[in-house]
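Notes for the one structure printed next.
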Protein chains: 2
Amino acid sequence: MHEELKYWYLRDHKLFRTLSFGQIRQLCIITGFKKAQKGEIIYFSSSDVPRIFLLKKGNIKIVAVDEEGNETIKDIIQKGDLFGELTLEADDQTNEYAKVLSDDVAICSFLLSDFENLLLQNPSLALSYTKFVGLKMKRIKNSYSNLISKDAKTRLFQFLKDWAEKEGVKEGRKVVIENYLTQNDIAQIICTSRQTATQLLNEMENNGTLTYNRKEIIILDITKL
Amino acid sequence: MHEELKYWYLRDHKLFRTLSFGQIRQLCIITGFKKAQKGEIIYFSSSDVPRIFLLKKGNIKIVAVDEEGNETIKDIIQKGDLFGELTLEADDQTNEYAKVLSDDVAICSFLLSDFENLLLQNPSLALSYTKFVGLKMKRIKNSYSNLISKDAKTRLFQFLKDWAEKEGVKEGRKVVIENYLTQNDIAQIICTSRQTATQLLNEMENNGTLTYNRKEIIILDITKL
DNA sequence: TATCTACTGTAAACTAGCTGACAAATATTT
DNA sequence: AAATATTTGTCAGCTAGTTTACAGTAGATA
C-alpha cells in the first residue's frame with residue numbers, strides 16, 4: 001500500500017489528527033494492513049508482538065475464551081475504533097480473538113513499542129490518549145453498574161438506545177439499525193441468556209416498539225424507548 | 001504544612017518518583033491537605049473544581065448514589081492510592097462521596113488542570129500515568145467478567161484472596177487481615193446481598209477456612225483458598 | 001433443488017440469590 | 001450503666017433468569 005494512503009488512514013482518526021506526516025510515518029513504517037471476510041477469525045492477542053489495531057472498515061467482535069472454554073463477547077468494535085493492547089501493557093493471560101461480523105473488514109496496526117515512543121515525543125497525544133482510555137473505562141464502569149442494579153429488560157433497552165444513537169439512521173422518530181448481530185450476540189452483550197434475549201425482543205415486537213429481523217432492527221419511536 | 005513535607009508526600013508515590021522538587025512544587029502550590037476521622041463523609045465530586053486526590057493514610061470507600069437514592073460501593077481506596085478525576089475528564093453526572101473507614105485518614109489533593117500541565121511537560125510521567133489508568137481499567141474489566149460468569153461464593157473467595165495478598169500479614173500459611181469492612185461492605189463489593197455474604201462467611205467459618213470478627217479476618221490456610 | 005447449518009421461538013422445570021422480617025450480639029452515645 | 005444504633009445471624013417465601021429440550025426458519029452450500 002502507498003505511504004500516502006496509510007497516512008490518511010491514521011490521520012483520519014480523531015486521536016491522530018494532531019500528528020504530522022513524519023510522526024505518522026514513524027508508525028507507518030511497520031504498519032500492517034489486513035483485509036478479511038465475514039465469519040473469519042483473527043487472532044491477535046499473545047502469540048505475536050503486542051500491537052494496537054485500528055479498524056478502518058466494517059465490524060468485528062472481540063471474544064474471550066476462559067479456562068473452561070466458555071466464550072464471552074468482550075467488545076464490539078466498529079469502523080474507526082482502536083483495539084488490542086490499549087492499556088499499553090501486554091498481557092498473555094487473556095486469550096482473545098476477533099471475529100468478523102460485517103461482509104468485509106480492513107484493519108491496520110502498529111507496534112505497541114512504536115506507539116509508546118510516539119507518545120513520549122508527543123505529550124499532548126499522550127494526554128488525549130489517556131482521556132481516551134479513561135472514556136473506555138467509564139463505559140465499562142457504566143455497564144458494570146447496569147449489570148448490578150438493572151434487570152435484563154432495562155439493559156436491553158439501554159443497549160438498543162445506545163446502538164440506535166451510535167449507528168442508527170433516523171427517519172423522524174423512527175430509527176433503522178443495520179443488524180449485524182445475532183440474538184445470541186445481543187444476549188451476551190447485555191449479559192443474559194439467548195432465550196431471555198429472544199423472549200424480550202419478541203415481547204417488544206408484539207407491543208409495537210420495534211421490528212426485528214436478521215438484516216435490520218427498526219425502532220418505531222425512539223422517544224418512547 | 002511545610003513545602004518540604006508536601007514534597008515528600010508526593011515523591012513517596014511510585015508514580016511521582018521521577019519528578020523533581022520544582023515539578024512537584026508546581027502541584028504543591030495549590031495542594032490541599034486534609035485530615036478526617038472514622039465515619040466522616042467527604043464530598044469530592046462535582047461541587048468543587050476537579051481534583052485528583054492522594055490518600056496518604058488510612059482507608060476510605062467511594063460510594064455512589066444513583067437517581068433512586070441507592071448507594072453502591074464503587075471502590076475501596078487504600079494508603080497510597082489515587083482517586084478523583086483519574087480519567088482527566090470531569091463529569092458532573094456521577095454523584096459520589098467518600099466515607100472514612102479507618103480511625104483517621106490524611107488526604108492531599110491537587111488540581112486536575114495543574115496535573116495536566118505537568119503531564120504535558122513530562123512525557124514519561126504521562127506514559128506511566130496512562131499505564132496506571134490502563135491497569136485500573138483492567139481491574140474493572142476483571143470484576144465485570146467475574147460478575148458475569150462466577151457465582152457469589154467464587155467472587156467472595158476471589159475477593160478474600162486479593163485482599164489477603166494486598167494487605168494481609170502472613171504467618172506461614174495463615175494470613176491475618178485487618179478488617180475495616182462490614183459484611184455489608186463486603187457484600188456490596190462482591191455484588192451480592194448482605195444476607196448472602198453473611199451466610200457464605202459463616203459457612204467458611206464452619207468448615208474451618210477462616211475466622212471472622214469485626215476486627216480481623218484470619219485465613220487459616222491461604223493455599224487452600 | 002435438496003441438504004445442512006446456524007439462528008430463532010417457545011415452554012416447563014429448576015435454582016441461585018433476593019427480600020423481608022425478626023432476633024441476637026456488638027458498638028457507640030448519653 | 002442505660003439507651004440507642006449498628007452490625008450480624010437465620011429463615012421462609014419468592015422471583016428473575018437459567019437450563020434443558022425441541023421445533024421451526026432462514027441462509028448458505030453442495
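Here is how names work: the chains are called A, B, and so on, in the same order as the sequence lines, proteins then strands, and each is numbered from 1. This structure is a prediction, so every number in the text was calculated from the model and none was measured. These numbers come from the heavy atoms of this one structure, side chains and all, not from hydrogens, waters or symmetry mates.
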Hey, does the side-chain of Q195(B) have a donor or acceptor N/O within less than 3.5 Å of a partner on the base of dT8(D)?
no

From OH of Y212(B) across to C1' of dT26(C) the rounded distance in Å is 12 Å

Taken to the nearest whole Å, CG/D151(B) to P/dG17(D) is 18 Å

Flag if over 12 foreign heavy atoms under 6.0 Å of NZ, K174(A):
no

OP1 or OP2 of dT10(D) versus the side-chain N and O atoms of T198(B): is any pair under 4.0 Å?
no

Could you tell me the separation between the CG atom of N206(B) and the P atom of dT8(D), rounded to a whole number of Å?
16 Å

Between CG of L82(B) and CD1 of I77(B), what distance do you get to the nearest 0.5 Å?
8.5 Å

Nucleotide of dG17(C), dG27(D), dA21(D) approaching R214(A) most closely (side-chain heavy atoms)
dG27(D)

Do the side-chain N or O atoms of N184(A) get closer than 4.0 angstrom to the phosphate oxygens (OP1, OP2) of dA6(C)?
no

Between atom CG in L147(B) and atom P in dG17(D), what is the gap in whole Å?
13 Å

If you only use heavy atoms from C-beta on, which nucleotide in dT10(C), dA16(C), dT8(C) is closest to the side chain of N202(A)?
dT10(C)

Which residue, D91(A), L86(A), I140(A), forms the side chain to side chain contact (heavy atoms under 4.5 Å, CB included) with K138(B)?
D91(A)

For T182(A), which contact category applies under a 4.0 Å heavy-atom criterion: base, sugar-phosphate, or nothing?
sugar-phosphate

Per nearest nucleotide of DNA chain D, the residue lying toward the 5' end, Q199(A) or K215(A), is Q199(A)

Nearest-angstrom distance from the residue atom CZ of R194(A) to P of dG9(C):
9 Å

Interatomic distance where CD belongs to E205(B) and C1' belongs to dA25(C) [whole Å]
14 Å

Which nucleotide in the set dG9(D), dC18(C), dG9(C) lies at the smallest distance from any side-chain heavy atom of S193(B)?
dC18(C)

Find the distance E203(A):CD to dT8(C):C1' and express it as a whole number of Å.
16 Å

Looking at D75(A) and K136(A), is there a salt bridge between them, counting it only when a charged N and a carboxylate O are closer than 4.0 Å?
yes

Can you tell me the distance, in whole Å, between the CD atom of Q188(A) and the C1' atom of dT18(D)?
14 Å

Of the options dT8(D), dG9(C), dT18(D), whose atoms approach the side-chain atoms of T196(A) most closely?
dT18(D)

Keeping the roles fixed (side chain from S143(A), backbone from R139(A)), state whether a donor-acceptor pair exists under 3.5 Å.
yes

Are OP1 or OP2 of dG9(D) and a side-chain N or O of Q183(B) less than 4.0 angstrom apart?
yes

